[in-house]
Structures are given as structure tokens and as C-alpha cells.
Amino acid sequence: MMQGIEFIKQMLLKSLSSIKPKLSEMVDEFSRQQLTTSPFSIQLNTNNFFLLRKIAVKNTNKKAKIQQLKQLVLQCLKRTERNKTFNKQRQTVQIVGAGCGEIELLTLKAVQVITQADVIVYDNLVCAEILQLAATHCRLIYMGKRFAQKSSTQDEINQSLYQLAITGVKVVRLKGGDPNVFGRGSEEALFLAKRGVKSEFIAGITAALGCAASSGIPLTHRKVARSVTFVTGQRCNDQREQSVIDEWQGLLSANSTLAFYMGKEKALEIATRLMLAGADGRLPVAFITNGARQKQTISFSRVDQMAQAALNIKQAGPTLIIVGEVVTIGAELEHCLAFCSQSVAANEGVYG
């Protein structure tokens, strides 16, 4: 259905002789339209209805009637612009981190805003159980990105968030992990802010934290790693400029654990850069696929073999790569825990 301003514009294009006999029908029609549009859409209010009727039946000349109708259009336009400004100021888009795995890793604050949302714009890494938290009236819009697959552009996502926000509904932008760790949350927030729409970040458990915890690998350890660095594998390539090599040498010299997001497809380039920067080929590597989920798998390798190790991973799903001596700590812990389990089983068999 056409909104209020289009309704009035069409009236101006009609001859005034056709307006009068159809006035009640048009008013009734627009009344029905009001029930299907946002309260912030362009609309006629009660006073406008009375004014419209008065103009139509008033015994004045055609030129005067047209002028009065134009003034009515201008009033509706001004009120609409005020409503839009008010709506932009009052509406806040919630940019929410959904965590990196199962629903149990979702924060309580995230649960609260998800259940109250009118619209949820979600990405590829949000698990299905989290989406089931949405209210029955909530509209779910998928705008995810997948490696080497046709996806929504960032500009399309930004525009959708803005258009939804100015209608006055409660909008949640739901992202896997944390919205500001390779999640482009700040890009979307800046886009909205420049157009008068506020946003709020709600933190999520990012993949490096969730995958490391679920696999028993510490990201830092006082003896072998005093820091951790998050790196996006999507930006890695085989460039060999000295500035790039110097950057990677800095990471290695700091004895920092390196956590590569979305790096499985770039394993060869990552290994090449590490080796060019002087990394020991025996430096431990862990591939964690579908981390913090029931179908999580872990495979171990080393830098000089990681390209082939990545090719051997057949399971679909996001893969986080951890590079550093902490991987050895995690493997040692896994071995000790397995021994503990065997001891418990043996004791239960003896003392049953």
C-alpha cells in the first residue's frame, strides 16, 4: 500500500471534481493503511483528515483548493522529517557477540537483547540454538559471509541495518565470536553513527579464547609465552617485502602465541611467512576445527608441515590455528588428563 505522502500527491494530480465524491472512500482507505505502517511512516493524523474534508467541500475556486492541499502536503513532510530525526536519536542497534560455539557460551546480556529483538541480522557462525531464543514475532535475516562463496557485501549489510533501525524496531546485529575481533562491528557502528543512529556493543567469547579453552591449550604461559596475538588469515599472502618480514619477525621475537582466524585456506602462506621471518620449522601448531562445539576436532603439526596438515583436514567448519610453544603445554596436559582417566577407571574396577 502507498504511504501517506504518496496518497496526498496522487490527490493533487487528480481533478478536484473527482476528489469530492470519493473523499470518504479515500479517507477510509488511508485509515486502513495507517494500521499497516510504522508509527514513524509518513501519515495523516486526525487533524489532517478534518482539514482534507474541509478543503474538499469548501466552496472556493480550484486554484485556492490546490494551494491548500499543497500546504497540507508540506505539513505532513515536516512532521515526517521530525519523526525521522526523533527515531534516529532514540533507536540503538545492539551489535552482539554470539560466542564461538554452543549456546552455553552466550552471555546473559546477549540472551536478554536477543529475546527482546524485533529483527535479528545474523551471520554464518551463529549456531541454530541461539536463533531459537528469538521471540515468535522476531524477523530473522541472514547476511553471513562464507569463504569463496557469494555473500552479502559489507555495504549491503550496513544499509540494511540503517533502514531497519529508522523504522523504530529493535534491531540486533548478531555476530559469531566477538563483534570487534575480526567481526567488523566498528565499521557498522561508524556507518550508523554518521547517519544519526546509535549502537551498543555486547561482547562475545572470541574464537581464540573459546577454542583454546575447549582444547586445553593455554594462550599464555609464564615460561614460554608472555603475550598472545590475534591475526586474520584472510590477509595473509605470499608477499615477501622486507617490511612484512620485519613485522613477522617482531611477532616471533616477542615469544607471542599466534592465533590465526580463518587461516586454514591460507596455511601455506602463513607457513611461508613464518619461515621467512626465521621461525623454527619445528614450532608446534594446532588446528582446531569447530571449536567449542560437540563436533570439535584437533590436529597437531609444526610450522614446516602445516600446509599439508591443513589439506588433511576434511571436516567442514571454521578452523582456528594456534602457533607457539603453548601447543606443547596443551599436548602435555592432554596426556596427563588421559592418564588420570585411566587411573580413575582402574580404581573403579578394583574398588567397584
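These figures come from a predicted structure and were not determined experimentally.
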Visitor: Between Ile166 and Tyr162, does a side chain to side chain contact (heavy atoms under 4.5 Å, CB included) hold up when you go through it step by step?
Guide: CA-CA 6 Å; Ile166 63 174; Tyr162 173 72; 3.6 Å; yes

Visitor: When you measure from the side chain of Gln94 to the backbone of Ile202, do you find a donor-acceptor pair of N or O atoms at a distance under 3.5 Å?
Guide: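 No, Gln94 side chain to Ile202 backbone: no donor-acceptor pair under 3.5 Å.
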
Visitor: May I ask you to test the Leu283-Glu325 pair for a side-chain heavy-atom distance under 4.5 Å?
Guide: yes

Visitor: With sequence neighbours left out, what residues match Glu188 under side-chain hydrogen bond (donor to acceptor under 3.5 Å, both in side chains)?
Guide: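 Expected list: Gln154, Arg173, Lys175.
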
Visitor: Any idea which heavy atoms bring Val171 and Leu161 closest together, and the distance?
Guide: CG1-CD2, 4.1 Å

Visitor: Would a single hydrophobic cluster contain both Leu311 and Ile298, if residues Ile, Leu, Val, Met, Phe, Trp and Tyr are joined by side-chain heavy-atom contacts under 4.5 Å?
Guide: no

Visitor: For Asp178 versus Gly204, what's the shortest heavy-atom pair and its separation?
Guide: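 Looking at all heavy atoms of both residues, the shortest contact is OD1-N, 3.0 Å.
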
Visitor: Return yes if some donor-acceptor pair links the side-chain N/O of Gln296 with the main-chain N/O of Ala292 below 3.5 Å, else return no.
Guide: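 Answer holds: yes.
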
Visitor: Rounded to the nearest 0.5 Å, how far does CD1 of Ile95 lie from CD of Glu200?
Guide: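 Those atoms lie 9.5 Å apart.
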
Visitor: Do other residues, nucleotides or ligands put more than 12 heavy atoms under 6.0 Å from Glu129 CD?
Guide: yes

Visitor: Looking at side-chain heavy atoms only, is the closest gap between Val224 and Thr328 below 4.5 Å?
Guide: no

Visitor: Would you please test Met306 and Phe260 for side chain to side chain contact (heavy atoms under 4.5 Å, CB included) and show each step?
Guide: CA-CA 13 Å; Met306 64 183 295; Phe260 292 93; 5.8 Å; no

Visitor: Quick check: do Val231 and Ile270 have side-chain heavy atoms less than 4.5 Å from each other?
Guide: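 No; the side chains remain at least 4.5 Å from each other.
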
Visitor: Could you state the interatomic distance from OG (Ser299) to CG (Asn312), rounded to the nearest 0.5 Å?
Guide: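 CG of Asn312 is found 8.0 Å from OG of Ser299.
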
Visitor: Regarding Thr297 and Gln315, do their side chains bring together a donor and an acceptor under 3.5 Å, going by distance alone?
Guide: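 Yes - a donor-acceptor pair under 3.5 Å links their side chains.
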
Visitor: Any side-chain to backbone donor/acceptor pair from Asn290 onto Ala316? Under 3.5 Å, distance only.
Guide: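 Checking the backbone N and O of Ala316 against the side chain of Asn290, a donor-acceptor pair under 3.5 Å is found.
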
Visitor: How close do Gly97 and Ala110 get, heavy atom to heavy atom, and via which atoms?
Guide: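 Where Gly97 meets Ala110 most closely, the heavy atoms are O-CB, 4.2 Å.
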
Visitor: So does Tyr261 get a backbone contact from the side chain of Lys264, meaning a donor-acceptor N/O pair under 3.5 Å?
Guide: no

Visitor: I'd like to know if the side chain of Arg293 reaches the main chain of Cys100, judged simply by a donor and an acceptor atom lying under 3.5 Å from each other, with no hydrogens or angles considered.
Guide: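 Checking the backbone N and O of Cys100 against the side chain of Arg293, a donor-acceptor pair under 3.5 Å is found.
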
Visitor: Let me confirm one number: the CD1-CD1 distance from Ile157 to Ile141, rounded to the nearest 0.5 Å.
Guide: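 Rounded to the nearest 0.5 Å, the CD1-CD1 separation comes to 11.5 Å.
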
Visitor: Taking Thr206 for the side chain and Leu209 for the main chain, is one N or O donor matched with an acceptor at less than 3.5 Å?
Guide: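 Not a single qualifying donor-acceptor pair exists.
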
Visitor: Going by heavy atoms in the side chains, are Asn124 and Tyr142 under 4.5 Å from each other?
Guide: yes

Visitor: Can you hop from Ile321 to Val228 via hydrophobic side chains spaced under 4.5 Å?
Guide: no

Visitor: Does the side chain to side chain contact (heavy atoms under 4.5 Å, CB included) test come out yes or no for Arg139 and Asp118, once each step is laid out?
Guide: CA-CA 6 Å; Arg139 181 183 173 193; Asp118 296 317; over 6 Å; no

Visitor: Considering non-hydrogen atoms only, spot the tightest contact between Thr229 and Ser256 and give its length.
Guide: OG1-OG, 2.8 Å

Visitor: Between CD of Glu187 and CG of Asp155, what distance do you get to the nearest 0.5 Å?
Guide: 11.0 Å

Visitor: Output yes when a side-chain donor or acceptor of Glu156 lies under 3.5 Å from a complementary backbone atom of Thr153, and no otherwise.
Guide: yes

Visitor: Does Val326 belong to the same Ile/Leu/Val/Met/Phe/Trp/Tyr cluster as Val285, with side-chain heavy atoms less than 4.5 Å apart forming each link?
Guide: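 No; tracing contacts between hydrophobic side chains, which count when under 4.5 Å, never links both residues.
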
Visitor: Linking I/L/V/M/F/W/Y whenever their side-chain heavy atoms sit closer than 4.5 Å, directly or via other members, would Leu219 and Ile288 fall into one cluster?
Guide: yes

Visitor: Can you tell me which residue among Val172, Leu164, Leu140, Leu174 is in a side chain to side chain contact (heavy atoms under 4.5 Å, CB included) with Val121?
Guide: Leu164

Visitor: Give the cluster check for Leu190 versus Val181: same hydrophobic cluster or not, with ILVMFWY residues linked at side-chain heavy-atom distances below 4.5 Å.
Guide: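 Shared cluster, no.
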
Visitor: How long is the straight-line distance from CZ of Arg226 back to OG1 of Thr257, given to the nearest 0.5 Å?
Guide: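 Spacing of OG1 (Thr257) from CZ (Arg226) equals 12.0 Å.
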
Visitor: Roughly how far apart are Cys340 SG and His335 NE2, rounded to 0.5 Å?
Guide: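 These two atoms lie 10.0 Å from each other.
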
Visitor: Do Asn180 and Ser186 come within less than 4.5 Å of each other through their side chains, counting heavy atoms only?
Guide: yes

Visitor: Does some side-chain heavy atom of Leu276 sit less than 4.5 Å from a side-chain heavy atom of Trp248?
Guide: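 They are not in side-chain contact.
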
Visitor: State, to 0.1 Å, how close Ala203 and Thr107 come at their nearest heavy-atom pair, and which atoms those are.
Guide: O-CG2, 3.8 Å

Visitor: For Ile205 and Gly210, work out which heavy atoms get closest and say how close.
Guide: CG2-N, 3.8 Å

Visitor: Between Val113 and Val96, is any pair of side-chain heavy atoms under 4.5 Å apart?
Guide: yes

Visitor: Show, in sequence, the C-alpha distance, side-chain angles and deciding distance for Gln112 and Leu108, and conclude whether the side chain to side chain contact (heavy atoms under 4.5 Å, CB included) test is met.
Guide: CA-CA 6 Å; Gln112 181 182 24; Leu108 293 176; over 6 Å; no

